[in-house]
**Student:** 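Provided herewith is a single structure, encoded as structure tokens, for subsequent inquiry.
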Amino acid sequence: MTTLLEVRDLSKSFGGVKAVSNVSFELGASEMVAIIGPNGAGKSTCFNMLGGQLVPDTGGISLNGRSIGGLPPRAIWRLGVGRTFQVASTFGSMTVCENVQMALASLRSETARPWSRMQDLYRDEALQLLERVQMLEHADRSCATLAYGDVKRVEIAIALTNAPSLLLMDEPTAGMAPKERFGLMELVTSVVAERSVAVLFTEHDMDVVFGYAHRIIVLDRGQIVAAGSPAEVRASPKVRQIYLGDEDPGSMERVTA
């Protein structure tokens, strides 16, 4: 496996509280890896250091052998890291296509143009991305009129504008109905296969985690307490005790049934 993302001894404290402590892991091209854990485990802090929203206190983050720890989000984005957020957000006053066009214009530092001159800028490229996420027929609709699951798809199209090698997804299925969740994850899986994109995602839905992750990293109190294949994590007594509050070997099976 060719290493795409390398995280070494990553730590972050807020006051006297260690949110993340000496976290290390690797991610290969075309891998889908989930980070899970109870509330307060450090998932969001870890994610925000990878995306540039937070600067690590110690440790290193490398993408394709290049250090990105401490770089601002825009610089990390330009190096090929896409991101979606737990609460999807688009410009409701713009059409679906215009939202993607704006991201493409931003990538090329052309957002200073008057909008009247930008309406056709990169439209064909934006339409191709919308077709990829199955939103082409909604291209000229206002984003404000979309169902939430469709907004999530638009957000993925925006995240793909920089042709990322790594996609960070913070709870991608939050707020979605079960059928929508699996439809979205099937879309992500197909993008991974087609574009060799690596995906690192956080998620509370265990059906999604165990159904789509190639590997799972479990955090508790800022530290990795288990990591491995879905089968290995499901069988871990430590995970059952910390994440689910019991040591019953059948508990993970019931959660993911």
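These figures come from a predicted structure and were not determined experimentally.
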**Student:** Suppose we screen for salt bridge (charged side-chain N to carboxylate O under 4.0 Å, His left out). Which residues come up paired with Lys12, at least two apart in sequence or across chains?
**Tutor:** Asp57
**Student:** Is there a side-chain contact between Leu130 and Val96 in this structure, where contact means two heavy atoms from C-beta onward sitting under 4.5 Å apart?
**Tutor:** yes
**Student:** If you count every heavy atom of other residues, nucleotides or ligands that lies below 6.0 Å from Phe91 atom CZ, does the total exceed 12?
**Tutor:** no
**Student:** What distance do Asp9 atom CG and Ile61 atom CD1 have between them, rounded to the nearest 0.5 Å?
**Tutor:** 12.0 Å
**Student:** Checking Arg74 against Ser106 for the side chain to side chain donor-acceptor pair (under 3.5 Å) test, could you report, in this order, the C-alpha distance in whole Å, the side-chain angles of both residues, the deciding distance, and whether it holds?
**Tutor:** CA-CA 10 Å; Arg74 186 175 183 83; Ser106 178; 3.2 Å; yes
**Student:** To the closest 0.5 Å, what do you measure between CD (Glu203) and CE (Met169)?
**Tutor:** 9.5 Å
**Student:** Any chain of hydrophobic side-chain contacts (each under 4.5 Å) joining Tyr122 to Leu107?
**Tutor:** no
**Student:** Taking the side chain as everything from C-beta on, heavy atoms only, tell me whether Ile36 gets closer than 4.5 Å to Met206.
**Tutor:** yes
**Student:** Among residues at least two apart in sequence or on other chains, which ones pass salt bridge (charged side-chain N to carboxylate O under 4.0 Å, His left out) with Glu232?
**Tutor:** none
**Student:** Compare every heavy atom of Pro38 with every heavy atom of Asp220, then report the nearest pair and how far apart it is.
**Tutor:** OD1-CG, 3.4 Å
**Student:** If I take atom CG from residue Leu63 and atom CG from residue Leu166, how far apart are they, to the nearest 0.5 angstrom?
**Tutor:** 6.0 Å
**Student:** Among Ile224, Ile216, Leu200, Val209, exactly one meets side chain to side chain contact (heavy atoms under 4.5 Å, CB included) together with Ile35. Which residue is that?
**Tutor:** Leu200
**Student:** Salt bridge (charged side-chain N to carboxylate O under 4.0 Å, His left out) with Glu137: which residues, sequence neighbours excluded?
**Tutor:** none
**Student:** Of all the heavy-atom pairs spanning Ala226 and Ser236, show the shortest one and how long it is.
**Tutor:** CB-OG, 4.2 Å
**Student:** Give the minimum heavy-atom separation between Pro56 and Gly70, together with the two atoms involved.
**Tutor:** CD-N, 3.8 Å
**Student:** In chain order, what residues pass the side-chain contact (heavy atoms from CB on, under 4.5 Å) check against Arg66, with sequence neighbours excluded?
**Tutor:** Leu79
**Student:** I need the full list of salt bridge (Lys or Arg N to Asp or Glu O under 4.0 Å) pairs touching residues 146-174, with sequence neighbours left out, sorted by first then second residue.
**Tutor:** Arg83-Asp170
**Student:** Within the structure provided, determine whether Thr45 and Leu54 are in side-chain contact (heavy-atom separation under 4.5 Å).
**Tutor:** yes
**Student:** What are the two closest heavy atoms between Phe85 and Gln53, and how far apart are they?
**Tutor:** CZ-NE2, 4.2 Å
**Student:** Val133 and Tyr148: same hydrophobic cluster, using ILVMFWY side-chain contacts below 4.5 Å?
**Tutor:** yes
**Student:** Side chains of Ser109 and Arg78: is there a donor and an acceptor less than 3.5 Å apart?
**Tutor:** yes
**Student:** Could you state the interatomic distance from CG (Leu160) to CZ (Arg132), rounded to the nearest 0.5 Å?
**Tutor:** 8.5 Å
**Student:** Taking all atoms of both residues into account, what is the closest heavy-atom pair of Ile76 and Leu50, and its distance?
**Tutor:** CD1-O, 3.7 Å
**Student:** Quick one: which residue pairs count as a salt bridge (Lys or Arg N to Asp or Glu O under 4.0 Å) with a foot in residues 32-41, not counting sequence neighbours?
**Tutor:** none
**Student:** Assess Arg8 against Phe25: is NZ or CZ under 6.0 Å from the centre of the six-membered ring, and within 45 degrees of the ring's axis?
**Tutor:** no
